[in-house]
Amino acid sequence: MNGKEVLIHIEDLKKHYNDGAVRALDGITTDIHRGEVVVIIGPSGSGKSTFLRSLNLLELPTAGKIEFDGVNIADPKVNINLHRQKMGMVFQLFNLFPHMTVLKNMTIAPVKILHRSKAEAIDTAMKLLERVGLADRANAYPSQLSGGQKQRIAIVRALCMQPEVMLFDEPTSALDPEMVGEVLDVMKELAADGMTMAVVTHEMGFAREVADRVFFMDGGQIIETGTPEEIFEHPQSDRLKSFLAKVL
Amino acid sequence: MLDWLKQLYEIEWIAGLVDDFKLNFLDGDRWTWLLEGLGNTLIITFFALLIGVAIGVVVAAVRSTYDKNEESMRQRGGIGFFLLRIVNAICKVYLTVVRGTPAVVQLLIFYCIIFAASTNSRMIAIVAFGINSGAYVAEIFRAGILSVDGGQFEAGRSLGFNYPQTMIHIIIPQMFKAVLPTLCNEFIVLLKETSIAGYVGIMDLTKAGDLIRSRTYSAFMPLIMVALIYLAMVMLLTWLVGKLERRLRKSER
């Protein structure tokens, strides 16, 4: 990834609870480059979700810097709403708005925040729905959709804001096994289109196939980073080795 | 038909009821007292309801904004956080005092102390009941906001909505659906609570029945009639809210 532009620069990021007794994030320094797919793996409780969620400040860091587009968004004086518009987020439990149709879910943010015209927002939304094969569900409510469909809608809802980076927090963990594939396919397509992505997942197959770089986290720190081949075929640390032995 | 009615009238206890009814409601057009009382009860309830919901929205907004943003605002500091803290403290005192004292006492305090110079007792009652109801409505709304899944809030914020926008577009519509039955219950309680308005010389439905009783020396007919009218209003309200609930739920199916 050398020579590529740095999109998010993270410096000594810390998230402590109870005055430092619990260290969910314990000094993370790394870069995420534009167009890169970063997959974050690690045992549960390793801080990988906390790390991802602090990238758009859903978790407030205790200390450290997060530079996005050259602005330190961890600074309390920065208007985080402006930056969140450029960072799409996909959650484990979809978090679609149950009182709105699929189309409304996708258009409300562009219309209310970016002040797009309704027609324009609907046009963008329908194109995205067609891409993920759900154009016929535009007027359905979330409760009428399967888990896989919900997650695909959640992804395109975030894309409607034309974000510069997409954050995925265990996007397939709440899905029935037969629905994991359809969601991963959408994510693969997105990666192929050059979207910058940070993905927390337990899908090692996805990491191996799609990731440009893999971060292995444990104890609130990034223990090892590398290409999928380096991480999966030539793990260096004992912790990664024992983790891989359990999941592969 | 008439013969059949006449036969019925010959049964002693039925005749007694009919005479009683005539004495209490028809003689001297005393039914108009009930009508006037009902009117006052409805006016007081309706306007107190409006005040209560208005206060409830504001207090619930302040309380949940403070609870939700305390951490991030403390970090930022500044005058905004300072003001919010003060307003939040005022809201807490209001909730404690109003919920900690009986409504009758509050009504009397408004009538005899705060608005002692005013003679418009109906207006005083509206204000007193409104302020009383506001405290309960505020807690209902706050509980409703808390009952909406936290992921909804996160989804809104991560799309770039600011805090008020997230509340207005995403949380409050869902909150409203969740609190509707409880809110309806509060309206019913308020409607019945207004029966203490007689304490400050207002001729509400209860007082009207009482007035009839004092003239006719017959307790059964006026009291049962007053009870039935309250019951009918509550049943109507419950039915209407049930309809609204079903319609709201349909939008999700």
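No hydrogens, no waters, no symmetry mates; every other heavy atom, side chains included, goes into these values. By convention in this document, chain letters (A, B, ...) are assigned in the order of the sequence lines, proteins followed by strands, and residues within each chain are numbered from 1.
- Proximity to chain B (any heavy atom under 4.5 Å) is restricted, for A:Arg53, to the side chain, taken from C-beta onward.
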Show me the donor-acceptor pairs, under 3.5 Å and distance only, between side chains in residues 47-64 of chain B and residues at least two apart or in other chains.
residue	atom	partner	partner atom	Å
B:Arg63	NH1	B:Asn88	OD1	3.4
B:Ser64	OG	B:Ala60	O	2.5

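- Shown here for B:Pro173 and A:His99, the closest heavy-atom pair between the two residues is CB-CD2, 3.5 Å.
- For the atom pair CZ of B:Phe161 and CG of A:Asn81, the computed distance is 10.5 Å after rounding to the nearest 0.5 Å.
- Distance check: A:Lys112 NZ to B:Gln165 CD gives 9.0 Å after rounding to the nearest 0.5 Å.
- Heavy atoms from other residues, nucleotides or ligands lying under 6.0 Å from NZ of B:Lys207 number 12 at most.
- Atoms CG and CD1, from B:Asn162 and A:Ile113 in turn, are 8.0 Å apart once rounded to the nearest 0.5 Å.
- Judged by distance alone, the side chain of B:Gln152 and the main-chain N or O of A:Leu96 form a donor-acceptor pair under 3.5 Å.
- Residue B:Leu159 holds its CG atom at 10.0 Å from CG of A:Leu114, rounded to the nearest 0.5 Å.
- Here side chain to side chain donor-acceptor pair (under 3.5 Å) pairs that include residues 124-133 of chain B, with residues two or more places apart or in two chains, are B:Gln106-B:Asn132, B:Ser133-B:Glu186.
- Atoms CG and OG, on A:Leu55 and B:Ser158 in that order, are 12.5 Å from each other to the nearest 0.5 Å.
- Every salt bridge (Lys or Arg N to Asp or Glu O under 4.0 Å) that A:Arg152 has, sequence neighbours left out, goes to A:Glu182.
- Within 6.0 Å of CG on A:Asp19 lie no more than 12 heavy atoms contributed by other residues, nucleotides or ligands.
- Counting heavy-atom neighbours within 6.0 Å of B:Tyr66 OH, excluding the residue itself, gives a total above 12.
- The contact between A:Phe97 and chain B is made by backbone and side chain atoms together, counting heavy-atom distances below 4.5 Å.
- Going from atom CD of B:Gln174 over to atom CE of A:Met100 covers 7.5 Å, rounded to the nearest 0.5 Å.
- Listed in order of number, the residues of residues 56-66 of chain A that approach chain B to under 4.5 Å between heavy atoms are A:Asn56, A:Leu58, A:Leu60, A:Pro61.
- The contact between A:Met87 and chain B is made entirely by backbone atoms, counting heavy-atom distances below 4.5 Å.
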